[in-house]
Amino acid sequence: MRRAVYPGTFDPITNGHLDILRHVVGLFDEIIVGVLHNPAKHPLFTVDERVEFAREATQGYANVSVASFSGLLVDFCRARDASYIVRGVRNPADLQVEMQMAQMNESLYPEVHTLFVPASPALSFVSSSLVKDVASHGGSVRAFVSDVVNDALVRRFGQNGANAEG
Ligand code: PNS
């Protein structure tokens, strides 16, 4: 059984994340999207909302499931008997950080290896942080997230963003 965890904060899940998933979905028998529950990071959406968005966006894949986790990623991988971690890489800065995390994870739990997946050029500038920033100022992020996430962002910030005056 080839099982992988695709971990992240997913605050919220974007088309960039889904593009990475699309590239690896055929490589594994099962992929668990692991949504980090870390209130100290003060995410915009609750962990339940982030899990729900990820479930909705991945419902077309029979071998993808979504679960939240807290604590160490390697402990989640061990508990789920996953031997691969999938991470998307958008640019050299990402790679630098991801290499360090992959090496730390592998030294904590040698049974797990990280698979880096390059982002598609058309989506390599998309991040959850930028999506939230644009939406908070009333910009359209329809091209970068699922309809469900877009609707949730519009509900959260309003059609004109959080800083609309008057
Ligand atoms: O989407 P993100 O925020 O880039 O994902 C980062 C994530 C969740 C993969 C990372 O912060 C993580 O694994 N956190 C769990 C705690 C942990 O295992 N820390 C040690 C990592 S080397």
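Every number for a ligand or one of its atoms is a count from 1 in the order of the listing. If you're wondering where the values come from, they're calculated on a predicted model, not measured in any experiment.
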Can you tell me which portion of Arg87 lies within the under-4.0 Å heavy-atom range of ligand 1? Options are side chain, backbone, both, or neither.
side chain
Any idea which protein heavy atom is nearest atom 21 (C) of ligand 1, and the distance to it?
Asn105 OD1, 3.9 Å
Examine ligand 1 and decide if any of its atoms is less than 4.0 Å from a heavy atom belonging to Lys41.
yes
Heavy-atom nearest option to atom 14 (N) of ligand 1, drawn from Asp75, Thr9, Leu36, Ile13:
Leu36
Between Pro7 and Ile85, is there a side-chain heavy-atom distance shorter than 4.5 Å?
yes
Between Arg90 and Pro118, is any pair of side-chain heavy atoms under 4.5 Å apart?
no
Go through Phe10 and His17 one step at a time and tell me if the ring pair (Phe, Tyr, Trp, His ring centres under 6.0 Å) criterion holds.
CA-CA 8 Å; Phe10 299 111; His17 294 123; 4.7 Å; yes
Measure the distance from atom 15 (C) of ligand 1 to every protein heavy atom, then report the residue, atom name and distance (to 0.1 Å) of the closest one.
Gly71 O, 3.5 Å
Taking atom 9 (C) of ligand 1 as the reference point, report whether a protein heavy atom occurs under 4.0 Å from it.
yes
Which residue owns the protein heavy atom closest to atom 18 (O) of ligand 1, what's the atom, and how far is it?
Leu73 N, 2.8 Å
Look at Arg156 together with Glu49 and state whether they make a salt bridge at an N to O cut-off of under 4.0 Å.
yes
Ring-face cation contact, Tyr109 with Arg78, 6.0 Å cut, 45° max:
yes
Tell me if the aromatic rings of Phe144 and Phe125 count as close, with their centers under 6.0 Å from one another.
yes
Answer with side chain, backbone, both or neither: which part of Gln103 has a heavy atom less than 4.0 angstrom from an atom of ligand 1?
neither
What are the two closest non-hydrogen atoms of Ala143 and Asn15, and how far apart are they?
O-ND2, 3.1 Å
Proximity to ligand 1 by part of Leu72, non-hydrogen separation under 4.0 Å:
both
Per-atom contacts, ligand 1 versus Met104 - under 4.0 Å to a heavy atom:
22 (S)
